[in-house]
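Read the numbers this way: they start at 1 and go in the same order the structure lists the ligands and their atoms. Given the structure is predicted, the values throughout are model-derived calculations rather than measurements.
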Amino acid sequence: MIVDRQGRRFRKLRLSLTAACNYACTYCVADGRRLVAARDELTATAMLRAVELLRDVAGVEALRITGGEPLLSDRLEPFLRGLGTLAFQDISLTTNGQLLAGKLPILRSAGIQRLNVSLDTLDPNAFRKIAKGGDLQTVLSGIEQARRAGMSIKINMVPMRGSNLDQVMPMLAFCVQQGYELRFIELMRMGHLAQHAEVFRAQFVGQRELLELIGERYEFSQAEAPVDSTALRYDISEGGAFGIIANESVPFCRSCSRLRLSSTGWLYGCLSSNRGHFMGDLLALPSDQAHPQLAGLLSRALGDKQDATFTGSALIMKSLGG
Ligand code: SAM
């Protein structure tokens, strides 16, 4: 196991199954540019080998499948089928929900019980302006069907001033009523927002402001969370809970256990670093050769982690596995 001076190690892997996305969210990409698959994305077999190696060498225990939009990829099904042999206890998936209803049988048969669905508003006009793709009703119906299928669902919302701040309370009321945990993700200085500080600052809504807003309607108290959790969790007295991923306000770098693998085989140890470490070359090697080489890459990736503060990076989330 590779551990750094702060006692951090990689325990949770986020795998970007594809860089392609059927949305072009304002916080992810500039100018509504739709993201396509990278030219040299790994095959499902290569991805499975990468995950196996990372399990064995880094000791990753939890896998989150993300992207891009993972449900768009034709590698989803063969990847999930193969995943069964790797015996991961904890497999989850992050999706924008657009294709969710049709993919539920595959997800369920792969044993996926936990979904994070990104949804930034319940207002169809605001939805179109933020996501620049997809259809709100389709997402809501997909979420509902996933719930009926017994899946545990968290909703990810990025609150932004001048965009969907007025949706914080309707979204929370909806999630409390439906039994979904709402996760507010503070806007992160990634991609174009890393290059345009003034746009970022104008839109950013922090943890304190969110708590004040929510406090006008709900009583809540901070709940326990695992030590390497990215989210601060709050229980609402009348029932339900919400979380805030407060990268900026309350950075969690000191306990971060995340490792990211891009769809093209690059490892990233920190969201605030655009340094990637290519493991694609190791995938065809026998384990006795691949393991020591991968250990070298992993200690470099672990060395990329920030000590204490999130600074963002010019890379966009779709290539990192958001
Ligand atoms: N397509 C999937 C989805 O929409 O959930 C998975 C990929 S998406 C990049 C994963 C998450 O990253 C989403 O919940 C999105 O809100 C978040 N995200 C992307 N860019 C962000 C940014 N600049 N600040 C905060 N969250 C961001």
Quiz item: Is ligand 1 less than 4.0 angstrom away from at least one heavy atom of Glu186?
Solution: yes

Report yes if some N/O of [X] lies less than 3.5 Å from some N/O of ligand 1; otherwise report no.
X: Thr66; value: no
X: Asn116; value: no
X: Met188; value: yes
X: Asp120; value: no
X: Thr94; value: no

Taking 4.0 angstrom as the limit, do [X] and [Y] come out as a salt bridge?
X: Glu144; Y: Arg148; answer: yes
X: Arg233; Y: Glu224; answer: no
X: Lys154; Y: Glu181; answer: no

Quiz item: Near Asn96, which atoms of ligand 1 are under 4.0 Å from a heavy atom of that residue?
Solution: 2 (C), 3 (C), 4 (O), 5 (O)

Self-check item: Atoms of ligand 1 close to Asn156 [distance to a heavy atom under 4.0 angstrom, numbered from 1]
Solution: 14 (O)

With [atom] as the reference point, say which of [options] has the nearest heavy atom.
atom: atom 1 (N) of ligand 1; options: Pro159, Pro70, Gly68, Cys21; result: Gly68
atom: atom 26 (N) of ligand 1; options: Val158, Leu72, Asn247, Leu193; result: Val158
atom: atom 4 (O) of ligand 1; options: Gly97, Cys28, Ser118, Gly191; result: Ser118
atom: atom 8 (S) of ligand 1; options: Gly67, Ala19, Ala20, Ser16; result: Gly67

Self-check item: Distance-only side-chain donor-acceptor flag, Gln6 / Asp307, under 3.5 Å
Solution: yes

Quiz prompt | Over 12 foreign heavy atoms within 6.0 Å of CD, Glu219 | solution = no

Quiz item: Got a donor-acceptor contact below 3.5 angstrom from the Arg189 side chain to the Ala197 backbone?
Solution: no

Quiz item: Is the backbone of Asp228 close enough, under 3.5 Å, to the side chain of Arg258 for a donor and an acceptor to pair up by distance?
Solution: yes

Exercise. Anything under 30° is parallel, anything over 60° is perpendicular, the rest tilted; go ahead and classify Phe220 against Tyr234.
Key: perpendicular

Practice problem: Measure centre to centre between the rings of Phe252 and Phe310, then say whether the value is under 6.0 Å. | Solution: no

Quiz item: Considering only heavy atoms, does Ile185 approach ligand 1 within less than 4.0 Å through its side chain, its backbone, both, or neither?
Solution: side chain

